[in-house]
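Atoms within each ligand, like the ligands themselves, are counted from 1 in listed order.
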Amino acid sequence: MKVLVATEKPFAKVAVDGIRKEIEAAGYELALLEKYTDKAQLLDAVKDANAIIIRSDIIDAEVLDAAKELKIVVRAGAGYDNVDLAAATAHNVCVMNTPGQNSNAVAELALGMMVYAVRNFYNGTSGTELMGKKLGIHAYGNVGRNVARVAKGFGMEVYAYDAFCPKEVIEKDGVKALDSAEELYKTCQVVSLHIPATAETKNSINYALLKDMPKGAMLVNTARKEVINEAELIKLMEERADFKYITDIMPAANAEFAEKFAGRYFSTPKKMGAQTAEANINAGIAAAKQIVGFLKDGCEKFRVNK
Ligand code: NAD
């Protein structure tokens, strides 16, 4: 069996070493295609691969057509919108992601950005503290749970709303589960966003939801930019000088936010929530383990094209 690691932006060496160890221990062969610059290189490399590990690399119908021996593709990371799931299913190829492997990295960034914002972006002036503030976690998935854990360490009062996670699961962690997004935003001065971008959630963070946040409100987005209704957020921030927006996903209207809301708007230059050595290593090794589990035992636990 041949496992190909196809990464335009390669894993760290230590992650590749870990992947190799898993694959070779299972008796399989590892092939590397790193820093490729042309799709033709990918089309050539996949020809005899039985399994592929990717990062943000595009696996479309053309790649799947070329990969005649392919059984499984694993996206080392959470999001898998770079893989054509319908085409993979049509080619009888299993697609998996590696959920949870970067959640602590994203959670630490969310809390780090909160501290940065309440301390006025470290500009030397007096700020405020997170301790005692009400934090609302919007979606209690892998990242949301880690944010709750870290925020409790800061002494924040933690609330959460998740459309699908049972309240008992949330409350078991010492987090107060609320019944609706509206209630969460009305209750909490700081809201940390962790919803996926779906047909239902796109543009859902809007004026109506944000307008009732308590005085000194702050919205922290480490999820996806598509979930924000940018025009309505701008309108709200024009009306409320106390409102801060802090994001790891640069808005389409970044220049307008930066110009209008200096001192209460911050965006990372490039999405960096999952950009840590640890997350990189965890996701790569998890991908290798999932491939071995699938090829040896038929385990489809993290399959996303069911
Ligand atoms: P996850 O799948 O573990 O959790 C998502 C949660 O959202 C689930 O608990 C689900 O029940 C809940 N949910 C879905 N639709 C909802 C809705 N309409 N209302 C309320 N809750 C809803 O995902 P995760 O790994 O925790 O990732 C969360 C978000 O963070 C995703 O948007 C992901 O793309 C993003 N992310 C960003 C980075 C980064 O680098 N900034 C890295 C990883 C993940």
- For the pair Y185 and H138, name the ring-plane relationship: parallel under 30°, tilted 30 to 60°, perpendicular over 60°. perpendicular
- Query: According to the interplanar angle, ranging from 0 to 90°, do the rings of F257 and Y265 count as parallel (below 30°), tilted (30 to 60°) or perpendicular (above 60°)?
  - Reply: parallel
- Quick one: which ligand 1 atoms are inside 4.0 Å of a heavy atom on V106? 38 (C), 42 (C), 43 (C)
- Task: Considering the heavy atoms of A139, write down every atom of ligand 1 situated less than 4.0 Å from one of them.
- Result: 6 (C), 7 (O), 12 (C), 21 (N)
Before signing off on this row, confirm whether [X] and ligand 1 have an N or O atom pair separated by under 3.5 Å.
X	result
S103	no
A78	no
R224	yes
D248	yes
A274	yes
V143	yes
T201	no
I195	yes
D162	yes

- Checking heavy atoms under 4.0 Å, the part of E200 that sits near ligand 1 is side chain
- Query: At under 4.0 Å between heavy atoms, which part of V227 makes contact with ligand 1: side chain, backbone, both or neither?
  - Reply: neither
Answer yes or no: is there an ion pair linking [X] with [Y], defined by an N-O contact shorter than 4.0 Å?
X	Y	answer
E24	R20	yes
E62	K39	yes
K176	E157	yes

- Return yes if a side-chain donor-acceptor contact under 3.5 Å exists between T37 and Q41, otherwise no. yes
- Pair H194-D162, side-chain donor/acceptor within less than 3.5 Å: no
- Note on the structure: If you scan protein heavy atoms around atom 19 (N) of ligand 1, the nearest is A163 CB, 3.5 Å
- Using a cut-off of 6.0 Å, state whether more than 12 heavy atoms not belonging to K152 lie near its atom NZ. yes
